[in-house]
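This report refers to the structure that appears directly beneath it.
Note that these values count all heavy atoms, side chains included, but never hydrogens, waters or copies made by symmetry. To find a chain, count down the sequence lines: A is the first, B the second, and so on, and within it residues start at 1.
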Amino acid sequence: MSKTNVEEYIDNKTRNIYNEKTENKSIKKEYGLTKGIIEKISKEKKEPKWVLDIRLKALDTYYKLENPDWGPDISYLHIEDIATYVKPVDKEVRKWEDVPEDIRNVFDKLGIPEAEKTSLAGSGAQFDSETVYHNLTNDLKEKGIIYTSFDEALREYPNLVKEYFTKAVPIHDHKYIALHYALFAGGSFVYIPKNTKLDRPLQSYFRLNAPGAGQFEHTLIVVEEGSELQFIEGCSAPGYNELNLHAGCVELFVKKNAYLRFSTIENWSKNMLNLNTKKCFVEENGKIEWIMGSFGSKVSMLYPLSVLNGEGASCEFTNISFAGKGQNLDTGLKLIHNAPRTTSVVNSKSISKDGGICTFRSNAWVKKQAKGSKLSISCESLMMDSISRSDTIPVDTIETDDVEFAHEATVGKISDEAIYYLMTRGLSESEAKALIVQGFAEPIAASFPVEYAVEMNRLIGLELEGTIG
Amino acid sequence: MKNLLEIKNLHTIAEDDHDKKILKGLNLKIKKGEIHVIMGPNGSGKSTLANTIFSSPRYIVTEGSISLDGEDITKLATNEIAKKGVFMSFQTPEEIPGVSLAQFLKTTKQSITGEKINLMSFIKEIDKYTKELNMKEEYTSREFNVGFSGGEKKKNEILQMLLLNPKLAILDETDSGLDVDAIKTVSKGINLYKNDENAVLIITHSTKILKGLKVDKVHILVDGKIVKTGDSSLAQEIEENGYKEFLK
């Protein structure tokens with residue numbers, strides 16, 4: 001029972017594992033944001049002109065747009081101080097043995113190769129700006145499934161990529177997505193052909209290792225008609241005093257009768273600005289399931305958008321955020337119900353302690369044509385003390401009367417009576433708090449792909465599960 | 001024989017109102033093998049006594065001492081007192097959402113004993129006691145006290161008492177709000193638990209729970225002090241005449 005303190009566990013213990021700092025000698029670093037740097041990145045990647053054009057247009061857009069006038073303050077971010085491109089290796093490989101030893105050691109400690117062996121259909125690993133490893137089992141390749149780094153996809157499947165790239169998330173969406181398109185590097189491309197079901201998930205792991213660096217990976221997933229995929233992304237970084245920046249982008253396309261479960265476990269260090277953008281288009285009777293766990297970062301701003309474009313399309317959104325000292329996690333989701341009988345179910349929980357701030361913004365837009373739609377949004381917050389903060393900000397636009405809409409938000413403080421009660425049963429104060437937090441998080445933790453996701457195992461619970469069960 | 005619990009000249013004030021004196025020189029001795037009962041009008045300090053034994057943060061001891069098995073526990077932390085072998089059944093037990101009853105029991109048992117327990121034999125033990133207490137088996141997989149009726153919550157307290165097997169069990173108004181059958185079940189639980197090596201302190205308003213129990217001493221608590229101690233007939237007397245004669 002001595003190791004069951006979830007708070008300290010997440011705070012300190014995990015950081016020891018993730019804090020592994022690696023001196024990378026083969027490193028190439030570029031700082032700041034100029035046309036010259038972007039042309040250099042594009043040239044190094046041997047990109048076609050249309051890709052460079054997107055980058056340059058995005059650069060232009062970045063400078064035209066302002067920081068958002070809402071949410072956490074990020075005015076102290078100076079892009080000139082960020083290493084915008086950090087190239088760790090010369091080429092991506094298909095075997096872990098071929099990954100340079102110092103980098104491989106990091107992924108070994110995170111348990112990535114082990115997870116791939118035991119529970120994944122394929123796995124990718126990114127170190128700083130570039131993917132260092134991607135692999136998919138042979139039987140899946142034969143089925144026509146594509147799982148490569150985004151750079152490789154641009155080279156090998158340019159027409160396929162061009163059909164979808166920037167189509168879900170446009171360049172001008174906001175300032176940091178423009179920055180993303182100017183600098184994007186790494187990430188994954190997944191294509192699941194018609195009527196193909198994967199029985200095991202794919203996992204991409206993003207490691208931002210260099211101090212003061214930015215990571216701008218692009219993930220594009222297409223799940224064709226009648227197909228099913230589970231995709232897991234894990235993110236972590238060691239702690240530095242310098243500001244790190246993550247401005248990734250995820251574009252998802254779920255076709256008719258298709259299913260995609262997209263799980264993210266973010267355990268960024270507390271010097272990270274996480275300004276990420278995710279969007280999914282869902283066609284007729286298709287289903288997107290988002291599962292998000294946000295544990296790290298100094299500031300996070302992340303609001304995945306699901307556009308339910310086809311009749312009967314649905315979205316399930318499950319989120320847990322844990323903000324400790326000095327952290328401001330501003331998360332949430334956006335929903336657009338664009339067709340009849342579309343459904344969304346949202347379950348979000350947040351825990352804040354030691355002055356941490358959790359804000360959950362939900363923005364639902366039910367259009368006139370979305371008759372017979374159902375929305376159920378539930379947000380619960382738990383505050384560990386009186387100096388922490390938790391806010392829920394719903395903005396709903398409903399344009400039809402023929403809709404079932406339920407919105408529930410509760411904010412609770414951890415109860416002194418419950419702590420006392422547990423202490424009369426022999427638990428220390430911190431153990432009592434840990435048990436209450438664990439119980440609070442349980443319904444969400446249960447929906448994580450725990451058996452696969454290395455990150456989640458470490459964050460909420462194997463050790464706790466071990467003492468309990 | 002040595003005292004299991006010895007309270008000497010105990011004075012307490014409320015944490016949120018230091019002018020509010022609650023216990024005003026309370027003395028109490030309980031030996032192993034005994035069942036004691038404390039009765040008293042509302043506001044006399046019965047629950048304060050139970051919670052002060054447990055170092056509740058809501059009360060401050062200004063004078064006096066509490067010893068368990070000869071060891072001064074007045075200043076120990078609540079969980080340390082639990083580990084020394086004191087248990088309390090709450091008037092209003094807490095709910096712990098997301099934590100199953102079985103998970104809770106295992107966690108607390110391990111905290112108290114400091115040992116990793118064998119799950120299979122522990123589950124057998126749980127099943128044995130839930131049967132005795134007429135609790136449905138499915139309760140052990142339900143969230144702790146969530147959606148339980150008042151009676152079920154109280155039975156759950158008795159279940160914990162049986163599983164944790166303390167030296168001293170304090171039952172704070174465990175019988176209040178229970179129907180006749182549930183009160184019988186609680187009494188049954190107390191008899192199952194009770195042996196020559198442990199002791200029970202029952203805080204109550206009524207004598208119903210005492211039927212079927214071999215009560216050694218009854219204390220009347222008025223205005224923070226024990227004003228009279230007698231045998232089980234004293235409880236009967238109070239049931240008939242109330243506390244009038246003790247109130248000035």
Legend entry - Where at least one partner belongs to residues 70-97 of chain B, residue pairs that pass ring pair (Phe, Tyr, Trp, His ring centres under 6.0 Å), sequence neighbours excluded: Tyr420(A)-Phe90(B), Tyr421(A)-Phe90(B)
Inset, instruction - Classify the side-chain pair Asn347(A)/Asn319(A) by whether it contains a donor and acceptor separated by less than 3.5 Å. - result: no
Inset, instruction - Identify which part of Thr113(B) has an atom lying under 4.5 Å from any heavy atom of chain A, answering side chain, backbone, both or neither. - result: neither
Legend entry - Region of Glu80(B) in contact with chain A, defined by heavy-atom distances below 4.5 Å: neither
Inset, instruction - Using non-hydrogen atoms and a 4.5 Å limit, figure out which bit of Pro93(B) sits close to chain A: side chain, backbone, both or neither. - result: both
Inset, instruction - First locate atom OG1 of Thr78(B), then atom CG of Asn51(B), and finally report the distance between them rounded to the nearest 0.5 Å. - result: 9.0 Å
Legend entry - Pick from Met88(B), Lys83(B), Lys84(B) with the largest number of heavy-atom pairs that fall under 4.5 Å of chain A: Met88(B)
Inset, instruction - Could you tell me which portion of Ile81(B) (side chain, backbone, both or neither) has an atom closer than 4.5 angstrom to a non-hydrogen atom of chain A? - result: neither
Inset, instruction - Can you sort out the partners of Glu152(B) under side chain to side chain contact (heavy atoms under 4.5 Å, CB included), two or more places apart, ordered by chain and number? - result: Tyr139(B), Phe148(B), Ser149(B)
Legend entry - Backbone of Met120(B) reached by a side-chain donor or acceptor of Asn118(B) within 3.5 Å: yes
